[in-house]
Novice: 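This is the structure I have questions about; it appears just below.
Within every chain, numbering begins at 1; the chains are lettered A, B, ... in the order of the sequence lines, protein sequences first and strands thereafter.
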Protein chains: 2
Amino acid sequence: MSEVHEQGGTAATRPTMRDALVEAAFELFSERGFEQTTVDDIVSLAGVGRRSFFRYFPSKEAVVFPDHDGCLADMTTFLEQADPSGDPVAQVCDAARLVLRMYAGNPSFSVGRYRLTKQVPNLRTHELSVVWRYERTLAGHLRTRYAARADGALRADVIAAAVVAAHNFALRSWLRSGGEGDVGAAVDEALQLVVDTWGDGAAEGRSESQDEEVVVMVARRGTPMWRVVQGVEAALEQ
Amino acid sequence: MSEVHEQGGTAATRPTMRDALVEAAFELFSERGFEQTTVDDIVSLAGVGRRSFFRYFPSKEAVVFPDHDGCLADMTTFLEQADPSGDPVAQVCDAARLVLRMYAGNPSFSVGRYRLTKQVPNLRTHELSVVWRYERTLAGHLRTRYAARADGALRADVIAAAVVAAHNFALRSWLRSGGEGDVGAAVDEALQLVVDTWGDGAAEGRSESQDEEVVVMVARRGTPMWRVVQGVEAALEQ
DNA sequence: TCGGTGATGGCACTCAGTACCCTCGATTAT
DNA sequence: ATAATCGAGGGTACTGAGTGCCATCACCGA
């Protein structure tokens with residue numbers, strides 16, 4: 001387990017300039033707005049050259065989301081190390097909680113950023129692409145775990161979208177409140193809906209394990225046969 | 001029911017210039033790529049002034065999605081006119097099918113656009129914001145319909161995300177294939193997963209109709225598959 | 001001390017997007 | 001009929017994001 005993703009090498013050398021840029025950017029963004037702030041304004045406040053800004057951030061929007069690259073990498077390694085026999089839905093929920101932890105770890109920054117992204121269309125769009133990468137990462141994990149199922153890829157995409165939606169629902173509610181209350185509990189509650197619906201021991205009726213010998217398959221009349229077989233197969237052969 | 005959203009007034013006057021720009025843009029995009037094409041290239045091929053391009057499209061990316069504004073408006077009116085007593089999940093699925101119809105109504109255009117958006121990050125991001133508007137529209141409908149439930153807003157967001165994910169799963173598969181096969185059926189099948197999970201008469205409390213609707217198959221773990229299939233088949237198809 | 005490497009600054013350039021103003025044609029009021 | 005108005009489009013010039021290229025400087029191994 002490496003450190004919590006200090007993307008530089010030896011701990012304290014790299015962050016200086018990058019952090020200075022982020023700090024300067026947020027100072028200007030919050031006092032005069034995103035679109036009213038030019039990159040030249042940021043670099044002159046940070047006391048660095050203009051060219052250096054684009055060495056650290058690919059665009060002016062990216063400086064608003066400086067921590068997501070590392071978090072995405074953390075999520076990726078987390079899922080790679082996940083137990084191949086555990087409930088994949090629970091695993092992607094835990095992966096989503098990594099993102100939450102990042103937001104909750106810096107409430108004032110997160111709330112400030114939220115207010116900013118809410119107002120600036122460009123930032124909203126950029127946030128969508130950030131969220132999209134998380135969602136694709138979760139979906140990728142689920143796809144490999146559901147590879148045996150005929151509808152595995154579809155299930156993976158749907159569940160990943162549901163997890164992200166539930167996570168964002170609770171997160172945004174917390175951000176809207178200004179960072180008051182227990183986000184962790186709120187996200188747990190929201191994700192519970194997804195786990196109850198899609199996780200192991202939910203849905204098409206593996207009736208818990210009251211016996212360990214019996215499997216119950218529930219299907220609506222008219223369900224295509226292949227779908228039934230799939231469900232039974234998944235339950236029996238796992 | 002107005003016409004299928006001819007956003008101009010008297011049918012044939014408006015489209016000329018807008019369509020000419022779209023056509024010119026796609027010709028250049030497909031032959032030399034999106035980023036290698038400037039707005040000046042487009043307007044000179046279309047034979048119009050540069051300023052006119054930005055009168056019709058707010059950005060260079062927007063010309064790639066010329067039909068989504070109208071489709072979003074159609075979706076909005078469709079949901080406004082939806083039966084307040086019908087299954088809201090089925091309604092948002094039908095709303096999603098409006099988008100599908102737009103894609104399916106012009107396969108070659110849709111496939112060309114897909115190949116483009118797959119390669120160009122800027123276009124992928126722009127597509128995300130387009131999809132996001134659809135999702136928020138669906139979620140808004142579900143929120144009003146689920147207003148009575150304590151977790152209504154959460155359910156609305158999760159279901160909307162699931163519908164969009166299922167729709168896009170089938171749509172993208174079709175686009176990847178170059179437009180071969182029956183998209184409608186594929187989307188129906190994908191959305192069925194969502195309806196089965198979240199729609200009226202699914203999951204949580206639909207024990208009231210368990211008699212004529214549901215079949216329960218009980219088997220011991222280790223039962224040969226053919227025996228299970230036999231039993232289920234007998235129960236389902238009698 | 002020299003050469004290499006990586007981080008940074010500076011300059012110039014392209015191009016998206018916008019503000020402002022012009023032209024032209026059609027409609028309408030006087 | 002002429003003038004005023006208005007809407008669609010063209011043209012010019014400007015801002016600012018993002019990039020390519022090169023110079024500089026610090027550090028480091030030989």
Novice: What's the CE-P distance between A:Met17 and D:dA26, to the nearest Å?
Specialist: 15 Å
Novice: Any salt bridge linking A:Asp69 with A:Arg133? Criterion: basic side-chain nitrogen under 4.0 Å from a carboxylate oxygen.
Specialist: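 Result for this pair is yes, salt bridge flagged.
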Novice: Of the non-hydrogen atoms in B:Met102 and B:Cys71, which two are nearest, and what is the gap between them?
Specialist: SD-CB, 3.6 Å
Novice: Are B:Tyr56 and D:dG9 close enough that a side-chain N or O sits under 4.0 Å from OP1 or OP2?
Specialist: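 Answer is yes, contact under 4.0 Å.
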Novice: To the nearest Å, give me how far apart CD (B:Gln36) and C1' (C:dC15) are.
Specialist: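 It works out to 13 Å between those atoms.
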Novice: Once you round it to whole Å, what is the distance between C1' of D:dA8 and CG of B:Leu21?
Specialist: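 B:Leu21 atom CG is separated from D:dA8 atom C1' by 14 Å.
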Novice: Got a salt bridge between B:Asp157 and B:Arg136, using NZ or NE/NH1/NH2 to carboxylate O under 4.0 Å?
Specialist: yes
Novice: Would you tell me if any nitrogen or oxygen in the side chain of A:Ser52 comes within less than 4.0 Å of OP1 or OP2 on C:dT8?
Specialist: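 No, because none of the side-chain N or O atoms of A:Ser52 sits under 4.0 Å from OP1 or OP2 of C:dT8.
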Novice: Checking B:Arg115 now: which residues fulfil side-chain hydrogen bond (donor to acceptor under 3.5 Å, both in side chains) with it, not counting sequence neighbours?
Specialist: none
Novice: Between C:dC15 atom P and B:Arg32 atom CZ, what is the distance in whole Å?
Specialist: 11 Å
Novice: Going through the checks in order, is the side chain to side chain contact (heavy atoms under 4.5 Å, CB included) test met by B:Thr125 and A:Leu128?
Specialist: CA-CA 8 Å; B:Thr125 300; A:Leu128 287 176; over 6 Å; no
Novice: If a protein heavy atom is under 4.0 Å from the base, mark B; if only from the sugar-phosphate, S; if neither, -; do that for nucleotides 11-25 of chain D going 5' to 3'.
Specialist: B----SBBBBB----
Novice: Can you list every pair that meets side-chain hydrogen bond (donor to acceptor under 3.5 Å, both in side chains) and has a residue in residues 57-68 of chain A, with sequence neighbours left out?
Specialist: A:Ser59-A:Glu61, A:Glu61-A:Asn122, A:Asp67-A:Arg113, A:His68-A:Tyr103
